[in-house]
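Everything below concerns the one structure shown next.
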Number of protein chains: 2
Amino acid sequence: MTKILIAEDDDHTRDALREVLTMEGYEVIPASDGLQAVDFFRAESPDFVCLDVMMPGLNGYEVCKQIRRQDEKVPILFLTAKAEEIDTVLGLELGADDYMTKPFGVKEIIARIRAILRRTASRGGGRADDDFTMDDLRIVPTELRAYRDKIELALSPRDVKVLRLLYERRGKVIDRNTLADEVWGVDYFPESRALDQHISQLRKRIEKDPAQPRIIRTVHGAGYRFE
Amino acid sequence: MTKILIAEDDDHTRDALREVLTMEGYEVIPASDGLQAVDFFRAESPDFVCLDVMMPGLNGYEVCKQIRRQDEKVPILFLTAKAEEIDTVLGLELGADDYMTKPFGVKEIIARIRAILRRTASRGGGRADDDFTMDDLRIVPTELRAYRDKIELALSPRDVKVLRLLYERRGKVIDRNTLADEVWGVDYFPESRALDQHISQLRKRIEKDPAQPRIIRTVHGAGYRFE
DNA sequence: AGCAGATTGTAAGGAAGTTGTAAGGCGACT
DNA sequence: AGTCGCCTTACAACTTCCTTACAATCTGCT
């Protein structure tokens, strides 16, 4: 579930946001001042942050800086009252994704959060989308395809993740746990054979001779390796 | 130095854009309403124009017309809060180069401006409302129509947006999130099937054999593609 | 070398998830 | 009220992924 950290000193606003976002299916972590917000961010690693600009102790900009020091990418939405307009600029410089001026409608804020999450999920989520080459195979992530000579091979998003991981750490052994974590995420059951199955299927498609793999080699008892 | 005219009535957004574009090395001319924008355009002859659609006095469309009366070529980027407002931009023959729906990230808008400037500098062309061809279909955005041989097909503004997006990134997979963002904007519910429905209906009209689509191909688990 | 146990490969079938699309409904515009 | 376009809903079709089961391979031990 998507975790949203809300830093807002006004109890009313905070509660209202908590209520409404919980209804939308988000997990909400409410913080009532800047210091708490920074603490909670560290502790909970939320997927999204709503920051009030004016807060006792650490203000929103300071909190933003602290958060950015830890996490370059997490989407941040600033909430500001009319009187604070001037510093919007600062917020955007600090890497905020959007800002909203109070008073704002419930629908509006939900729509914005959703839009930002959608955007960062598709654009930022996939790291570098640069092409790379493994053996005689040119992998083009943005096309979800690989090319051998002029022959096209279709790849799933998961295939690309596996290949990119192996490529990025070429020469090193990627153990099964790491692979499972990076590619499948938290809900991977170690006793499942899904990983083996996937490697097998992938080899069938990308290796000239799947019995003698040149791209994804297995290191028995350890994991897989490229090169 | 490249001069950019920004016409935007919201002080937040205008200031933020001014700041950020100045940092990028552009010379920024801010205007807070339509009349001012037209005046400043005459006085300063900027190399690029960002136009908010909704402005007091003269709205973005009107400003655009005035500017085009003077200068056919200057690149114009429309900014709007509502995805539907872009329909008008596409429908009128305004000669817009691109459009963005709010909320947008700072990085995003810089990227677009740079892209447009690069495009127009090398005369590669490609305005948002320029005609383009997909397979045997000629799409004419300003008429909201497509032609196959001499047969006319009606298109909605939304159809045009979908097709244009696929056309611009041909070969690449456009994931559903991006499509939703660019075409529907903020108020798209991810759990809705509106997107699928729209693709299905669109295929029925533009594909010779909707069961074997040649223009809008689906990439299972990822999105759609044209090539 | 030969064997036992552990690890990995892979085919087959079914579960789960994704996409296609017909039908009905709601609201905007006339 | 009627029409039109778009959205939601519901279900069908399809694709992918996972589980299972068994075969093949490897490791370490005797």
Counting distance only, does the side-chain N/O of [X] pair as donor-acceptor with the main-chain N or O of [Y] below 3.5 Å?
X        : Y        : answer
B:Asp9   : B:Asp33  : no
B:Arg203 : B:Ile216 : yes
A:Arg148 : A:Ile206 : yes
B:Glu207 : B:Ile215 : yes

First and last nucleotide of DNA chain C, 5' to 3', lying under 4.0 Å from heavy atoms of chain A: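 With heavy atoms of chain A under 4.0 Å away, the range is C:dT7 to C:dA12.
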
For [X] and [Y], work out which heavy atoms get closest and say how close.
X        : Y        : answer
B:Asp97  : B:Val74  : OD1-O, 4.0 Å
A:Arg118 : B:Gly185 : NH2-O, 3.0 Å
B:Ala146 : B:Leu155 : CB-CD1, 3.8 Å
B:Asp52  : B:Thr80  : OD1-CA, 4.3 Å

Are [X] and [Y] within salt-bridge range, i.e. N to O under 4.0 Å?
X        : Y        : value
A:Asp131 : B:Lys172 : no
B:Asp98  : B:Arg164 : yes
A:Asp159 : A:Arg205 : yes

Got a sec, which pairs hit ring pair (Phe, Tyr, Trp, His ring centres under 6.0 Å) with one end in residues 161-184 of chain B, sequence neighbours left out? B:Phe132-B:Tyr167, B:Trp184-B:Tyr188, B:Trp184-B:His198

Which residue pairs satisfy the ring pair (Phe, Tyr, Trp, His ring centres under 6.0 Å) criterion with at least one member in residues 140-163 of chain A, sequence neighbours excluded? none

So which pairs with a foot in residues 72-89 of chain B pass salt bridge (Lys or Arg N to Asp or Glu O under 4.0 Å), sequence neighbours left out? B:Asp87-B:Lys161

Kindly state each residue pair satisfying salt bridge (Lys or Arg N to Asp or Glu O under 4.0 Å) with at least one member in residues 213-227 of chain B, sequence neighbours excluded.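 Every salt bridge (Lys or Arg N to Asp or Glu O under 4.0 Å) pair that includes a residue of residues 213-227 of chain B, provided the two are not neighbours, is A:Arg145-B:Glu227, B:Asp135-B:Arg214, B:Arg225-B:Glu227.
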
Note down the inter-axis angle between the two ends of the helix from C:dA1-D:dT30 to C:dT30-D:dA1, five pairs each, to the nearest 10°. 30°

Assess, by modelled atom type and distance only, whether the side chains of [X] and [Y] contain a donor and an acceptor separated by less than 3.5 Å.
X        : Y        : value
B:Glu62  : B:Gln66  : no
B:Thr178 : B:Asp175 : yes
B:Ser32  : B:Gln36  : yes

Between which nucleotides of DNA chain D, read 5' to 3', does contact with chain B run, using atoms under 4.0 Å from its heavy atoms? D:dC6 to D:dT16

Which of residues 197-209 of chain B sit near DNA chain D, with a heavy atom under 4.0 Å from it?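 B:Gln197, in order of number.
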
Residues touching DNA chain C, which here means a heavy atom under 4.0 Å, drawn from [range]:
range                       : answer
residues 211-218 of chain A : A:Thr218
residues 153-166 of chain B : none
residues 184-192 of chain B : none

Report all side-chain donor-acceptor pairs from residues 17-25 of chain A shorter than 3.5 Å, counting only partners two or more places apart or in another chain.
residue, atom, partner, partner atom, Å
A:Arg18, NH2, A:Asp15, OD1, 3.3
A:Thr22, OG1, A:Arg18, O, 2.6

Give a yes or no on this: more than 12 heavy atoms of other residues, nucleotides or ligands lie within 6.0 Å of atom CE of B:Met54.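 Result for CE/B:Met54: open.
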
